[in-house]
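To start, the structure under review is shown below, and the notes come after it.
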Amino acid sequence: MKVLDPATTNAIEQCVVALKRSQLVAIPTETVYGLAALATDKVAIRRIYAVKSRPSSHPLILHIANPADLDYWATNVSRDARDLVDAFWPGPLTIVVNRTDSVCDEITGARDTVAIRCPSHKLTRELLLQLGSAIVAPSANKFGKVSPTRAQHVVDDLGDEIDLILDGGECDVGLESTVIDCTTNPPQLLRAGAVSIEQIKDACNIAVSDASGESRAPGMLDKHYAPNCRVVLVADADEADRRRHELLTQGIRARVLDYSADLEKYAHRLYDSLRKADDDKVDVVIAVLAPSSGLGAAINDRLYKAANSLE
Ligand code: AMP
Ligand code: MG
């Protein structure tokens, strides 16, 4: 595995060549680092599942260079989906739509729908434009673990199991994309993320509903994004302090995680903080929940999953 500085001459070309040779390339995006394979390369896509230890029932997100590419991969796209695309692409919003025959079964777990997003990260866009095709890119970590927001996290998790890592520094948002199922009316929220349902309501006047019925989001597990240490959730900083003292008196190493006053910072720092807690051999992270609206919904979703607690 090689870590590539984007300032290196021909860095993007090297990634393109690697992808065309069926290699797996970890790339920075505005959400988290993704593990990329060419969207038409079934062998490389199967390797993504193997490297991540990801069940094949957990479909991948297709990443495209331009919003206009949507119609190559998707058909019968609803008015709501078009409005979401106009308002939020390029950006951290994924839509689930009906797929065309251009999408292989390996991406979707043989479903007739596909999840698509058009990322805004400058390097990802350059890569997609030079590639002249699409990529699939789940988070570049082992299944169920904390997503990577720096190149070093990818090295720590996947190391020699992949071919190349493009080091784009820290990811801006730090949380995965919002996933909206646009094959239902109204559209359903499959995963809270960087774009909030309030922003969607404001920009498109779409009232996204919660996911219901048969789970449309395979792999939306209660436990996910989990560090090795225990995560305990509390309502405010005072309670966090009380819990920390309690645990310290029992000889348990506890650390408080609280950026609840600045949600963008909370999202940006969350995964890095959880990883750092593991590196520092902390036993328990006491995380203060965010206010539940806006970006706070996505932060709390990840915190609940990290804590495996639905209280
Ligand atoms: P990740 O690649 O880890 O960011 O996760 C992608 C998520 O998108 C998965 O957990 C799925 O729940 C969701 N997803 C991908 N494709 C589909 C699809 N065809 N239908 C419903 N959900 C999907
Ligand atoms: Mg993931």
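Read the numbers this way: they start at 1 and go in the same order the structure lists the ligands and their atoms.
In this structure, Thr108 does not count as a contact residue of ligand 1, since none of its heavy atoms falls inside 4.0 Å of the ligand. Between Arg54 and ligand 1 there is a heavy-atom distance shorter than 4.0 Å.
Between Val208 and Ile180 the shortest side-chain heavy-atom distance falls below 4.5 Å.
Which parts of ligand 1 touch His58 is read off a 4.0 Å heavy-atom cut-off, strictly below it: atoms 9 (C), 10 (O). Interface of Pro138 with ligand 1, defined as ligand atoms under 4.0 Å from a residue heavy atom, comprises 2 (O). Close contacts between ligand 1 and Leu190 involve ligand atoms 21 (C), 22 (N) [criterion: under 4.0 Å to a heavy atom].
For Phe143 and His58, the ring centers sit closer than 6.0 Å to each other.
Because the distance cut-off is set at 2.8 Å, Asn141 fails to qualify as a neighbour of the Mg ion (ligand 2), as none of its N, O or S atoms comes that close.
With Asp157 as the fixed residue, the salt bridge (charged side-chain N to carboxylate O under 4.0 Å, His left out) test singles out one of Arg275, Lys142, Lys52: Arg275. Partner Leu274 forms a side chain to side chain contact (heavy atoms under 4.5 Å, CB included) with one of Asp279, Val231, Leu303 and no other, that one being Val231.
Across the listed options Ile61, Leu60, Ile180, Ile95, Ile61 owns the non-hydrogen atom lying nearest to atom 6 (C) of ligand 1.
Judged purely by distance below 3.5 Å, without hydrogens or angles, the side chains of Arg117 and Thr178 never pair a donor atom with an acceptor atom.
Taking each heavy atom of Leu70 and Ile64 in turn, the nearest pair found is N-CD1, 3.7 Å.
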